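Since the structure comes first, as structure tokens, the remarks are kept for the end.
In this chain, residues are counted from 1 in sequence order. None of the values given here were measured: they were computed from a predicted structure.
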Amino acid sequence: PTDWQAEWKWDGIRAQLVRRNGTTFLWSRGEELISARFPEITLAADELPDGLVLDGEILAYRDERVMAFAQLQKRIGRKTVGKKLLADVPCRLMVFDLLEVAGVDQRDDAWQSRRQKLAELLALLPAGSPLMLAESLSGETWDDFAAHRAQSAERGVEGLMLKRRSSPYGVGRARGDWWKWKVAPMTVDAVLIYAQRGHGRRASLYTDYTFAVWDGPNLVPFAKAYSGLTDAEFKEIDRFIRNNTQEKFGPVRSVTPQLVFELAFENIQVSTRHKSGIAVRFPRMVRWRQDKSPQDADHLETIKRLARQ
């Protein structure tokens with residue numbers, strides 16, 4: 001355990017900040033230039049020296065606490081942001097790695113060396129800067145790390161990132177030196193009510209589903225999912241959908257509400273944009289509950305209670 005260090009696994013937008021020739025660039029993981037959407041971050045970075053590359057997570061952050069991802073989404077879809085949105089959803093870059101300093105590549109250096117240089121660099125910025133150093137968590141035993149992880153919900157994070165102190169900065173999906181240790185996802189039993197064809201090799205099958213839960217005597221849609229089942233299960237469900245279609249709305253079919261699935265998701269928020277009044281993050285199917293009938297599915301009030309908690 002002492003060979004490792006932990007950081008909180010934040011639920012934001014992964015981004016790299018690059019300083020070149022007096023200009024700051026902010027790039028998303030999808031290689032999109034997003035500088036104009038987060039001007040408070042790029043403006044703060046103008047205080048940093050040239051030849052610098054930082055890795056971190058953009059978060060909606062106010063009153064010393066991370067805001068819900070649904071708030072951050074208000075900034076994601078904008079090419080530019082107005083004063084009201086800047087005030088309502090202030091953002092910060094939670095910096096956790098240093099890839100380049102003074103034009104020199106740091107990626108082959110050990111994590112603990114990069115971390116020390118990063119801490120010294122960010123210490124030069126004024127208090128309250130939108131560029132924040134990610135908190136580092138140590139432990140003498142794995143139980144120490146598990147105790148940190150147990151605080152995830154109250155801190156609004158997804159769990160821990162475990163990083164080997166001697167590790168270089170890996171490119172791509174290299175494994176072995178960095179590990180995600182997320183908290184267990186929330187789960188709900190829901191009823192399949194709509195379906196449409198999938199994409200790629202599943203374009204001929206109905207694999208994209210809309211699920212509902214009970215609100216009194218009615219089923220209310222609350223989540224969509226298209227992953228988590230085997231090919232054999234998708235084929236069997238496809239046959240059911242074709243034989244139990246009630247109506248067609250373009251590519252979408254309404255289905256006799258008979259099949260129940262256990263859905264998992266990372267987070268849940270109250271939302272006025274959705275008919276159900278809630279929005280879930282990263283929903284996916286855990287299993288097909290063939291042992292349950294539609295009446296056994298969960299109720300909307302139960303899920304709203306989770307969101308309020």
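- Panel note: side chain T256, backbone Q258; no donor-acceptor pair is recorded below 3.5 Å.
- Ion pairing of D177 with K163 is absent here, as no side-chain N (NZ or NE/NH1/NH2) approaches a carboxylate O to less than 4.0 Å.
- In this structure, CD on E120 lies 9.0 Å from NZ on K117, to the nearest 0.5 angstrom.
- Considering only heavy atoms from C-beta on, T2 stays 4.5 Å or farther from S138 through its side chain.
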Checking ring-ring contact (aromatic ring centres under 6.0 Å, His included) for the pair F261/F211: CA distance, chi angles, key distance, verdict?
CA-CA 8 Å; F261 295 80; F211 296 94; 5.5 Å; yes

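- For the pair E31 (side chain) and R29 (backbone), a donor-acceptor distance under 3.5 Å is absent.
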Check the pair W10 / E158 against side chain to side chain contact (heavy atoms under 4.5 Å, CB included), numbers first and verdict last.
CA-CA 6 Å; W10 298 99; E158 298 179 328; over 6 Å; no

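- In summary, E154 and R65 do not engage in a salt bridge, as defined by a charged side-chain N under 4.0 Å from a carboxylate O.
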Would F96 and M161 count as a side chain to side chain contact (heavy atoms under 4.5 Å, CB included) here? Give the steps.
CA-CA 11 Å; F96 50 71; M161 286 296 303; over 6 Å; no

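- Residues I193 and V255 form no side-chain contact, since every pair of their non-hydrogen atoms from C-beta on lies 4.5 Å or further apart.
- Panel note: side chain N243, backbone F240; no donor-acceptor pair is recorded below 3.5 Å.
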Going through the checks in order, is the side chain to side chain donor-acceptor pair (under 3.5 Å) test met by D238 and T207?
CA-CA 7 Å; D238 177 78; T207 62; over 6 Å; no

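- C91 has its side chain out of reach of Q71: every pair of non-hydrogen atoms, C-beta onward, lies at least 4.5 Å apart.
- For E140, the CD atom counts as loosely surrounded, since its 6.0 Å shell holds 12 or fewer non-hydrogen atoms of other residues, nucleotides or ligands.
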Give the intermediate values and the outcome of side chain to side chain donor-acceptor pair (under 3.5 Å) for residues R284 and S227.
CA-CA 6 Å; R284 67 269 190 194; S227 64; over 6 Å; no

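- Nearest approach of F234 to L229, heavy atoms of both residues: CE1-O, 3.6 Å.
- Put simply, I34 and V81 are part of two different groups of oily side chains (I, L, V, M, F, W, Y) that touch within less than 4.5 Å, one to the next.
- Shown here for F145 and P1, the closest heavy-atom pair between the two residues is CE1-O, 3.7 Å.
- Note that CD of E7 and CG of L160 are 10.0 Å apart. Values are rounded to the nearest 0.5 Å.
- L133 and I13 fall within a single hydrophobic cluster, where Ile, Leu, Val, Met, Phe, Trp and Tyr are joined by side-chain heavy atoms under 4.5 Å apart, directly or via other members.
- Of all non-hydrogen atoms in A297 and W214, the two that sit nearest each other are O-CD1, 3.7 Å.
- No more than 12 heavy atoms of other residues, nucleotides or ligands lie within 6.0 Å of CG in D108, so this atom counts as exposed by the packing criterion.
- A donor-acceptor pair is defined here as one N or O able to donate and one able to accept, closer than 3.5 Å; no such pair exists between the side chain of S113 and the backbone of D109.
- Between D11 and V157 there is no side-chain heavy-atom pair separated by less than 4.5 Å.
- The two atoms that bring F222 and I303 nearest to each other are CE1-CD1, 4.2 Å, heavy atoms only.
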Start with the C-alpha distance between R197 and D208, add both sets of side-chain angles, then the distance that settles salt bridge (Lys or Arg N to Asp or Glu O under 4.0 Å), and finish with yes or no.
CA-CA 6 Å; R197 295 179 191 271; D208 291 14; over 6 Å; no

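- The line from NZ of K182 to NZ of K180 is 5.0 Å long, rounded to the nearest 0.5 Å.
- To the nearest 0.5 angstrom, L300 atom CG is 11.0 Å from N218 atom CG.
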Go through R14 and D55 one step at a time and tell me if the salt bridge (Lys or Arg N to Asp or Glu O under 4.0 Å) criterion holds.
CA-CA 8 Å; R14 183 77 175 271; D55 194 6; 2.7 Å; yes

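- None of R92, R75, R62, K83 except one satisfies the salt bridge (Lys or Arg N to Asp or Glu O under 4.0 Å) rule with E40; the exception is R75.
- Taking a 6.0 Å sphere around OH of Y61, one finds it holds more than 12 heavy atoms contributed by other residues, nucleotides or ligands.
- When side chains are defined from C-beta on, D50 does not count as touching T23, because their heavy atoms never get closer than 4.5 Å.
- With hydrogens and angles ignored, the 3.5 Å screen pairs a side-chain donor or acceptor of Y209 with a backbone N or O of Y206.
- A salt bridge is defined here as a Lys NZ or Arg NE, NH1 or NH2 lying under 4.0 Å from an Asp or Glu carboxylate O, and E100 with R20 meets this definition.
- For the pair R107 (side chain) and P168 (backbone), a donor-acceptor distance under 3.5 Å is absent.
- Linking Ile, Leu, Val, Met, Phe, Trp and Tyr whenever their side-chain heavy atoms come within less than 4.5 Å leaves W8 and M67 in two separate clusters.
- Hydrophobic clustering, with ILVMFWY side chains joined whenever heavy atoms are under 4.5 angstrom apart, groups V213 together with L259.
- Across all their heavy atoms, T42 and P39 have their closest contact at OG1-O, 3.1 Å.
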Run the side chain to side chain contact (heavy atoms under 4.5 Å, CB included) test on L54 and D97 for me, step by step, so that the C-alpha distance in whole Å, both residues' side-chain angles and the decisive distance to 0.1 Å come before the verdict.
CA-CA 6 Å; L54 306 179; D97 219 320; over 6 Å; no

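- Here CD of Q196 is found 13.5 Å from CG of L205. Values are rounded to the nearest 0.5 Å.
- Side-chain contact between K224 and T210: present, with at least one pair of heavy atoms (C-beta onward) separated by less than 4.5 Å.
- Classified by interplanar angle (parallel below 30°, tilted 30° to 60°, perpendicular above 60°), the ring pair W178/Y169 is perpendicular.
- At least one side-chain heavy atom of R242 sits less than 4.5 Å from a side-chain heavy atom of R253.
- For the pair R289 and D296, the salt-bridge criterion is not met [side-chain N within less than 4.0 Å of a carboxylate O].
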Kindly indicate, with the supporting measurements, whether the criterion side chain to side chain donor-acceptor pair (under 3.5 Å) is fulfilled by Q5 and R165.
CA-CA 6 Å; Q5 200 78 5; R165 293 173 182 267; 2.5 Å; yes

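- Distance check: D3 CG to S167 OG gives 11.0 Å after rounding to the nearest 0.5 Å.
- Among all heavy-atom pairs drawn from V191 and L219, the shortest one is CG2-CD2, 4.1 Å.
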Apply side chain to side chain contact (heavy atoms under 4.5 Å, CB included) to L59 and E57, showing your working.
CA-CA 6 Å; L59 304 169; E57 195 92 2; 4.0 Å; yes

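- A donor-acceptor contact shorter than 3.5 Å is absent between the side chain of S166 and the backbone of A110.
- V66 and L131 are assigned to two separate hydrophobic clusters, defined by single-linkage of ILVMFWY side chains at heavy-atom distances under 4.5 Å.
- Under the 4.5 Å side-chain criterion, counting only non-hydrogen atoms from C-beta, L118 is in contact with V95.
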